[in-house]
Amino acid sequence: MNQVSEIHDDVQLNVKDEQQMQDAQDPLRDLRELFVLPDGVIYLDGNSLGALPKATADIVAKVVSVQWGQGLIKSWNDAGWIEMPHRVGDKIASLIGARQGEIICADSTSVNLFKVLHAALMLAKQSPHDAQKRIVLSERENFPTDLYIAQSLCKQHGFELKLVDAHQLQAELANGDRIAVLMLTHVHYRSGAVHDMLLLTKAAHAVGALTVWDLAHSAGALPVDLHASNVDFAVGCGYKYLNGGPGAPAFAWAHPRHANVMEQPLNGWMGHAAPFVFTPEYVPAEGSHRLLCGTPPIISMAALECGVDTLLAAKPLGGIHALRKKSLALSNLFIELVDKTCAGFGLSLLSPREDLKRGSQVSYTFESIDGYAVMQALIARGVIGDFRAGYKSVDGVMASPDILRFGFAPLYIRFVDVHRAVNHLREVLEGKEWKQSRFKNRSIVT
Ligand SMILES: *Cc1c(COP(=O)(O)O)cnc(C)c1O
């Protein structure tokens, strides 16, 4: 080993000591023990599929073998199955500034978005002065499913989906007489950029538009206050920071000023005022309970409840505000170490550097087309992040670049993990490990 690399190693060691100290002083450090995390894996993809809480397997097994196996149909009452969409919704409420009884847990994010966006469009149509309001405004790079749902609803109901870049939203709203609904995702799935929910909701209301916010990358990662921001409708995802497991049920919320007048398009018996009276006519349930449609998936919801309970275990330690503080410290450390040790290897930071503007993930573009291979090489070393392909616009121009994405779920990521992950990243890039052909085969799910 030559002198230069010895010095380099010393510096690395000191940095690592510092991180071990940060972990020792982290008030949330013990929460990691609540999760199953495979040996040798640094999991930086909790923003896409949250890790498994240790309690989940036993709870799901109990729901299956005791509640279902022994209790059979009696468990709808005896085990409280029928209340689960509300009970789990109430647990999520405290994380996002909603009140008890306002959130239902059901279906997928896509389906819930369909319900609340439809409700918003119908409210806009019913408003007597608003015949000219026929635009749904969103961000060009919003998550595709959100855009597809909006396209479908706009086509069905005579609205136009207008897509602009994030920085153009405020100007659009300022001249937004024709805007019926502003539909946005709070934290961007690619860049991790956070929208100012309060400011944009205010701007939308100023021109008489309603707002629909998707909290997929916010709920459980950073504080949201739906009431303080005066939002109209919101949806969110159960399998990301809420750790509900693959395909976990999602949630939906409507402001109480709309909940009793809104019409959701999927009228099902679970959203009926009296499901077990079995009348042929649909009468909507009180408030947001009408957002339910069919029978809740109890086994999946039991896993989600366990995920949410695990997140709520942070409450005595400062709750979502403490989680946010740690997540920012983790992502700042990642950015700082990549700046210091990976300079010149073709990575460019896509996420905002400013804390207020960044969610709980950090994304980079890579100079060559092989960003996917870089991520695969990292995964082979046990550092799991993910890759999101860019896309070309209709005229063939690259409208959005490929990205490498690293999520920092503050419940179970340590400062020392960040240090190790960046070391692996540096080694993959420095040694051009990603050039090996085995890293270039793309699986279906990236
Ligand atoms: C993850 C995510 C979804 C997921 O929708 P599903 O219906 O669960 O597939 C939707 N929207 C956004 C913004 C997301 O990040």
Side-chain angles (χ1 to χ4, degrees), residues 45-51 85 88 92 95-96 103-118 136-153 161 163 166 169 181-195 197 200 211-222 224 231 233-253 264-266 291 293-294 296-297 300-301 303-304 307-308 350-351 358-363 385-389 391 400 403 405-409 444-446:
D45 216 357
N47 52 314
S48 201
L49 175 66
V88 180
I92 295 169
L95 299 168
I96 57 174
I103 295 186
I104 57 103
C105 190
D107 304 317
S108 63
T109 307
S110 306
V111 172
N112 286 331
L113 184 64
F114 185 83
K115 293 184 235 175
V116 302
L117 181 57
H118 178 278
V136 174
L137 179 67
S138 193
E139 189 181 348
R140 202 184 312 281
E141 287 201 9
N142 199 344
F143 192 78
T145 205
D146 298 48
L147 297 179
Y148 303 158
I149 294 284
Q151 282 161 20
S152 152
L153 279 169
L161 177 62
L163 301 177
L169 285 166
V181 176
L182 171 68
M183 179 195 82
L184 290 174
T185 300
H186 183 219
V187 176
H188 201 279
Y189 79 104
R190 287 175 168 275
S191 65
V194 185
H195 281 302
M197 183 181 278
L200 288 167
T211 58
V212 174
W213 287 92
D214 186 333
L215 308 179
H217 287 276
S218 317
L222 65 163
V224 172
V231 167
F233 297 94
V235 296
C237 181
Y239 51 77
K240 291 170 179 159
Y241 294 99
L242 300 184
N243 305 308
F251 62 88
W253 174 85
Q264 73 105 330
L266 302 177
L291 288 171
C293 181
S300 305
M301 216 171 276
L304 172 61
V308 176
L350 181 73
S351 304
R358 191 176 69 248
S360 200
Q361 73 178 58
V362 176
S363 307
D386 64 23
F387 169 83
R388 286 291 171 261
Y391 60 88
S400 173
I403 55 160
R405 203 168 66 149
F406 302 92
F408 300 91
I444 297 173
V445 176
T446 59

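First listed ligand is number 1; within each ligand, the first listed atom is number 1. All figures in this text were calculated on a predicted structure; none of them were measured in a lab. Residue numbers run from 1 in the order of the sequence given.
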With side chains defined as the heavy atoms from C-beta onward, is the minimum distance between [X] and [Y] less than 4.5 Å?
X: T109; Y: T145; answer: no
X: C293; Y: D107; answer: yes
X: V231; Y: W253; answer: yes

Practice prompt. Say whether T145, considering both its backbone and side-chain N or O atoms, lies within less than 3.5 Å of an N or O atom on ligand 1.
Written response: no
Fill in: N142-ligand 1 polar pair, N/O distance under 3.5 Å
no
Worksheet entry | Distance from atom 11 (N) of ligand 1 to nearest protein heavy atom, with residue and atom | D146 OD1, 2.8 Å
Item to complete: Distance to 0.1 Å, residue and atom name: give those for the protein heavy atom nearest to atom 7 (O) of ligand 1.
Response: S110 OG, 2.6 Å
Looking only at atom types and distance, does a side-chain atom of [X] sit under 3.5 Å from a main-chain N or O of [Y], one as donor and one as acceptor?
X: E139; Y: L184; answer: no
X: Q361; Y: D45; answer: no
X: K115; Y: Q264; answer: no

Discussion item. Using a 4.0 Å heavy-atom cut-off, which part of T109 comes near ligand 1: side chain, backbone, both, or neither?
Written reply: both
At less than 4.0 angstrom from any non-hydrogen atom of [X], what atoms of ligand 1 do you find?
X: K240; answer: 1 (C), 2 (C), 3 (C), 14 (C), 15 (O)
X: S108; answer: 7 (O)
X: A216; answer: 2 (C), 12 (C), 13 (C), 14 (C), 15 (O)
X: T185; answer: 13 (C)
X: Y239; answer: 1 (C), 4 (C), 5 (O), 6 (P), 8 (O), 9 (O)
X: H217; answer: 15 (O)

Worksheet item: For H188 and S363, what are the C-alpha separation, side-chain angles and deciding distance, and is it a side chain to side chain contact (heavy atoms under 4.5 Å, CB included)?
Response: CA-CA 11 Å; H188 201 279; S363 307; over 6 Å; no
Practice prompt. Nearest 0.5 Å please: distance from the CE atom of M183 over to the CG atom of N142.
Written response: 5.0 Å
